[in-house]
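All remarks here apply to the structure that follows.
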Amino acid sequence: MDLFKVVCKMPKRAGEMHAIHHYFFIFLFVVVFSSSNGMSNALDDASEKRQPDCKLSLGAVVDYTSLAGKKEKVAMDMALKDFYGRRTSPTLHVGNSRGDPIGAASSAKSLIEKHHARAIIGSRAWQEAFFVAQLGNESQVPIVSLSNEAPPWAFSQRPFLVCAARNVDAQMKAVAAIIQSWQWRQVNIIYEDFNPVANGINPNIITAIQEVGARINELVALSPFSPYPSISEKLESLKNGQCRVFIVHTSITLATKIFQEASEMGMMGKDFVWITTNDITSQIDSLNASFITSIQGVLGVKSYFSTSNKHFKDFQSRFQVMFRLQYPDGPLPEAGTSTLQAYDAARAVALALEGNPYSKGNGCADKMKGQELLEKILETKFEGLTGLFNFSTERKLAPIHIFSIVNVVGKSYRKLGYWTEGLGFSESIHKPSIYNKSMSILGQVFWPGGPWSVPKGWAIPTSHSYRLKIGVPTGSTFREFVNVTYNDHLGGDPIIKGFSIEVFKATLALLPYHLPYDFIPFAGTYDSLVEQVHVKNLDAVVGDTAIVSNRCEHAEFSQPYAESGLQMLIYIKPKRSQRAWLFQKPFTTYLWAFTGIINVYNGFVVWLIERKYHPDFRGNIRNQIGTMLSLSFTTLFSQQGEKLHSNLSRMAMAVWLFVALVITQSFTASLTTLLTVQRLDPIKVDIETLKNSGAKVGCDANSFVVKYLEVVVGFHPNNIKRMHTEDDYPQALMTGEIAAAFLEVPYVKMYLAKHCDGFTTSGPTFKVGGFGFAFARSSPYLPDISQAVLKVSESGKLQELERSLTSSFNCSTSQLVDNHDSLGINNFWGLFVITGGTSTISLLIFIFHYVRQRWYQPSCDEQQHHSPANDELLMFGPELENRYQSYL
């Protein structure tokens with residue numbers, strides 16, 4: 001008992017209580033097993049001392065503190081009395097477990113040692129049955145348990161354990177069907193963890209929930225010994241979350257604590273959903289009326305048994321009379337599932353002890369050993385109150401496949417209908433019955449807070465600091481869809497705009513509630529952005545995010561808000577019918593004009609400087625002009641260096657010849673390209689042609705299109721060019737760097753609105769997903785978001801946003817398209833500055849020398865000697881003088 005005192009003195013804080021009950025279990029094992037070696041001998045000695053009247057003892061372990069335990073005890077008494085009639089029946093000794101595994105084990109130990117019980121019936125809670133079965137194993141006393149939660153391994157470790165309660169694992173599928181009926185996508189599961197008795201939650205419920213597409217938001221384990229503060233702490237955490245669907249899979253004792261705390265915390269009102277499993281639902285009628293009033297609207301699943309047959313009706317009436325006799329001051333209850341199971345279990349033990357009560361010669365059952373009695377129990381077969389009572393080779397009864405769906409209303413509950421495994425919900429189980437996968441066939445449900453509307457199953461978290469974290473891509477190729485900038489005046493906060501953002505805001509405006517959020521820019525690929533939702537770094541993704549299969553593995557998408565598809569964009573070059581004027585295409589009109597002007601200017605400078613040395617440069621005005629123009633243009637195709645006498649003209653001519661050489665070669669190269677490069681005909685451009693010719697194609701660098709072109713379409717990776725900005729496409733297509741570009745349909749529309757001349761689509765449209773908003777799998781917001789997207793589209797708001805997206809562009813690049821192959825002034829402006837500057841400097845030097853000679857030369861010399869320079873400015877003098885004389 002020292003260990004017991006130590007355990008009792010341990011601190012009882014809420015955080016330590018989960019560990020304390022392990023010490024109770026250790027204490028139990030010490031107490032129980034310390035005398036286990038002498039149990040069998042004591043039973044043998046007691047057996048030898050029994051009188052030949054075969055007066056037998058049976059044991060029962062029930063919870064006398066609960067109404068359910070009292071009903072089980074009355075049912076066992078009735079079963080023995082009904083079986084033996086007026087004959088002497090075994091004495092039923094009942095131990096009170098008080099809902100405690102230690103109390104159950106202590107009671108069982110007393111029944112075996114003091115009352116020499118041949119078999120023990122009861123222990124509806126598995127944590128009680130676990131230790132009682134261990135005692136039965138050591139003493140070779142069959143334990144007929146009323147628990148339906150026994151794990152498979154228990155029967156191999158406890159060979160004297162028999163389960164007289166039908167397996168209800170199929171109830172998990174019924175619970176999942178309820179979840180699916182109302183399209184709740186997340187659930188919280190509260191279960192009883194009495195480790196080391198069992199290892200966590202029953203995996204069947206997890207599997208069933210996942211099979212209907214729902215997700216388990218929280219798994220909350222509570223110990224049977226959990227105090228109210230600990231339960232309150234766990235419920236407070238759940239209340240602050242967004243999921244409002246709770247599945248309670250515990251014993252009735254723990255469930256009463258949970259619902260009491262939930263009611264005080266306001267969690268039994270509107271928007272909350274509570275679903276209980278069989279162990280709780282089957283005993284709701286055993287709870288007091290005040291407690292039932294606090295759990296109005298709870299849905300429950302309980303095992304079905306027929307209440308319409310004569311056998312049950314007779315038992316029900318007699319049971320209430322017997323219960324009133326034994327407990328005159330208590331309420332008059334209905335016979336529940338555990339009551340019927342207790343009756344059938346006691347009857348099975350009586351059959352095993354005595355066989356057919358009307359047969360003679362069976363002898364005294366007192367000589368029957370524990371192993372033999374166990375075998376007799378397993379051989380029993382009869383039609384019980386809960387159906388055919390017949391044990392399988394695994395020492396279990398046939399499982400239940402039909403469950404009643406009940407709704408707590410008023411002082412008890414009302415039966416909504418039934419759920420049958422493999423068939424679904426129905427209002428009746430009698431043929432012919434209409435079955436449906438949806439629970440809506442069962443009629444109106446009274447929900448917590450009132451029956452007027454079906455709870456959504458979720459709500460905005462009560463924590464005021466909670467805001468959705470929504471990721472947006474920073475690397476969008478087309479900034480009109482998503483554009484992330486930063487404003488230094490606002491502390492560097494991101495400014496996020498674009499078509500996708502406006503669609504999302506219009507969608508949120510149609511939600512029936514406010515949804516707070518924050519945009520979080522993300523620099524990376526779109527695939528990695530969606531993966532952030534899967535790892536819970538983000539709650540959603542908003543942007544020009546395409547809906548593709550690999551991304552659906554990490555998130556769920558809303559309805560697409562932009563047209564789906566992948567198209568090929570090509571550039572159409574001029575047709576061959578325009579090649580008569582193809583010679584002018586290498587240069588732009590401005591370059592041709594400026595080249596002519598600079599030619600005339602350079603020719604004029606050279607002609608003026610060289611005129612005094614060349615008699616050919618003299619003559620009448622027409623001859624001089626013709627000579628000057630000829631000199632200007634022949635410099636492009638000949639070399640005049642050996643005929644020039646002045647260093648100034650040689651300097652101007654040398655630079656001009658260099659410029660002329662560059663211009664001539666550039667003209668030749670550009671014209672050759674125009675003559676030899678094949679023009680693409682959009683009618684003849686197809687995928688196979690591009691692949692067979694090894695042509696390069698372009699697509700967005702961060703898009704799924706890269707892999708799609710490689711894996712699905714079949715382009716070689718080396719022929720796929722990744723484009724990083726929208727401006728890369730026109731230049732690459734016009735220069736032939738890429739033969740085609742593959743863009744999603746929304747991008748194509750945007751591109752053609754800005755570049756309407758020379759560009760067009762070609763080939764088929766590949767079916768891929770459109771743009772959508774990505775949310776976490778089974779997100780409660782997703783159905784409302786998808787519905788709102790459809791409303792935005794149907795109201796015309798989406799079309800309005802699309803028009804505003806493209807209306808600001810009027811194909812202002814048409815001239816660029818017309819002259820895309822031509823070289824302009826910008827390509828040669830440096831050379832023009834050099835040659836023009838050189839000629840101007842030569843001209844200024846020449847004028848300076850002329851002025852200087854005229855200014856300092858004596859007048860007598862002017863009369864006697866005429867400088868050649870004088871004639872440079874009087875070159876037209878003689879002709880003008882002759883014309884003047886002729887007119888006179």
Side-chain angles (χ1 to χ4, degrees), residues 183 185 242 453-454 456-460 467-473 476-484 494-522 526 529-530 533 538-548 551-552 555-567 743-753 765 767-809:
Q183 298 180 356
R185 289 174 169 78
Q242 64 182 9
S453 61
V454 178
K456 298 190 301 292
W458 64 276
I460 296 176
R467 298 172 66 87
L468 284 182
K469 295 179 292 183
I470 299 179
V472 292
S476 178
T477 303
F478 289 79
R479 301 295 181 181
E480 290 79 11
F481 287 86
V482 180
N483 187 21
V484 180
I495 301 174
I496 302 173
K497 299 179 180 180
F499 172 75
S500 299
I501 305 301
E502 294 302 319
V503 173
F504 180 69
K505 292 180 178 179
T507 300
L508 295 186
L510 296 178
L511 294 179
Y513 47 83
H514 174 64
L515 190 63
Y517 65 91
D518 290 317
F519 283 135
I520 300 177
F522 181 84
Y526 283 76
L529 174 58
V530 175
V533 177
L538 296 172
D539 295 309
V541 171
V542 170
D544 48 346
T545 311
I547 305 173
V548 290
R551 294 174 185 171
C552 291
E556 285 191 73
F557 284 84
S558 68
Q559 286 286 336
Y561 64 86
E563 187 178 350
S564 63
L566 184 67
Q567 287 185 317
L743 299 173
E744 292 156 85
V745 170
Y747 293 154
V748 172
K749 290 183 177 180
M750 186 73 238
Y751 186 91
L752 293 179
T765 299
K767 295 298 181 181
V768 295
F771 294 162
F773 306 128
F775 282 78
R777 298 188 66 84
S778 303
S779 169
Y781 304 111
L782 190 59
D784 291 338
I785 292 291
S786 292
Q787 184 178 8
V789 169
L790 293 177
K791 290 181 179 179
V792 171
S793 177
E794 293 169 358
S795 65
K797 179 65 175 180
L798 185 59
Q799 288 73 16
E800 180 183 340
L801 292 174
E802 289 178 348
R803 286 193 297 269
S804 64
L805 179 65
T806 59
S807 60
S808 59
F809 303 103

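Keep in mind that what you see is a predicted model, and the values were worked out from it rather than measured.
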- Message: Please determine whether side-chain contact (heavy atoms from CB on, under 4.5 Å) holds for the pair Thr545 and Phe557, giving the CA-CA distance in whole Å, both sets of side-chain angles, and the decisive distance to 0.1 Å.
- Response: CA-CA 10 Å; Thr545 311; Phe557 284 84; 4.0 Å; yes

- Item | Atom pair CG (Leu566) and OG1 (Thr765), whose distance is rounded to the nearest 0.5 Å | 8.5 Å

- Return the set of residues passing side-chain contact (heavy atoms from CB on, under 4.5 Å) with Lys469 (not counting sequence neighbours), or none when no residue passes. Ile520, Leu538, Asp539

- From the list Val482, Thr477, Asn483, side-chain contact (heavy atoms from CB on, under 4.5 Å) partner of Arg479 resolves to Asn483

- Message: Looking at every non-hydrogen atom in both residues, tell me the closest pair between Ser500 and Gly543 and how far apart they are.
- Response: OG-C, 3.5 Å

- Message: So which atom in Val789 and which in Ser558 form the shortest heavy-atom distance, rounded to 0.1 Å?
- Response: CG2-OG, 4.4 Å

- Tell me, do Leu515 and Tyr781 make a side-chain contact under 4.5 Å, heavy atoms counted? yes

- Item | For Ser564, side-chain contact (heavy atoms from CB on, under 4.5 Å) partners two or more places apart | none

- Drop me the distance from Ile470's CD1 to Phe522's CZ, to the nearest 0.5 angstrom. 15.5 Å

- Query: Does Tyr747 have any ring-ring contact (aromatic ring centres under 6.0 Å, His included) partners at least two apart in sequence or in another chain, and if so, which?
  - Reply: Phe478, Phe481, Phe771

- Atom pair CD (Gln787) and CG (Leu782), whose distance is rounded to the nearest 0.5 Å: 11.5 Å

- Note on the structure: All heavy atoms of Gln799 vs all of Ser793, minimum pair found to be OE1-O, 3.3 Å

- Do the non-hydrogen side-chain atoms of Asp784 and Trp458 ever get within less than 4.5 Å of each other? yes

- Item | Check against side-chain contact (heavy atoms from CB on, under 4.5 Å), Cys552 and Ile547 | CA-CA 7 Å; Cys552 291; Ile547 305 173; 4.2 Å; yes

- Item | Heavy-atom pair of closest approach, residues Asp544 and Pro473 | OD1-CG, 3.8 Å

- Task: Find out whether Ser804 and Glu502 are in side-chain contact, i.e. whether some heavy atom of one side chain is under 4.5 Å from a heavy atom of the other.
- Result: no

- Message: Run the ring-ring contact (aromatic ring centres under 6.0 Å, His included) test against Phe504 and tell me which residues pass, sequence neighbours left out.
- Response: Tyr517, Phe773

- Task: Mind checking the CD-CG spacing from Gln567 to Leu752? Nearest 0.5 Å is all I need.
- Result: 8.5 Å

- Those residues that, when tested against Ile501, pass side-chain contact (heavy atoms from CB on, under 4.5 Å) (two or more places apart): Val472, Ile496, Lys505, Phe519, Val542

- Item | Derivation and outcome, salt bridge (charged side-chain N to carboxylate O under 4.0 Å, His left out), residues Lys749 and Glu802 | CA-CA 10 Å; Lys749 290 183 177 180; Glu802 289 178 348; 5.3 Å; no

- Mind listing the closest non-hydrogen atom pair of Gln183 and Arg185 along with its distance? O-NH1, 3.4 Å

- Below 4.5 Å, heavy atoms only, C-beta onward: do Ile785 and Leu511 meet side chain to side chain? yes

- Message: I need the minimum non-hydrogen distance between Ser786 and Gln559, along with the two atoms involved.
- Response: OG-N, 3.3 Å

- Enumerate the residue pairs fulfilling salt bridge (charged side-chain N to carboxylate O under 4.0 Å, His left out) with a member in residues 790-799, sequence neighbours excluded, ordered by first and then second residue. none

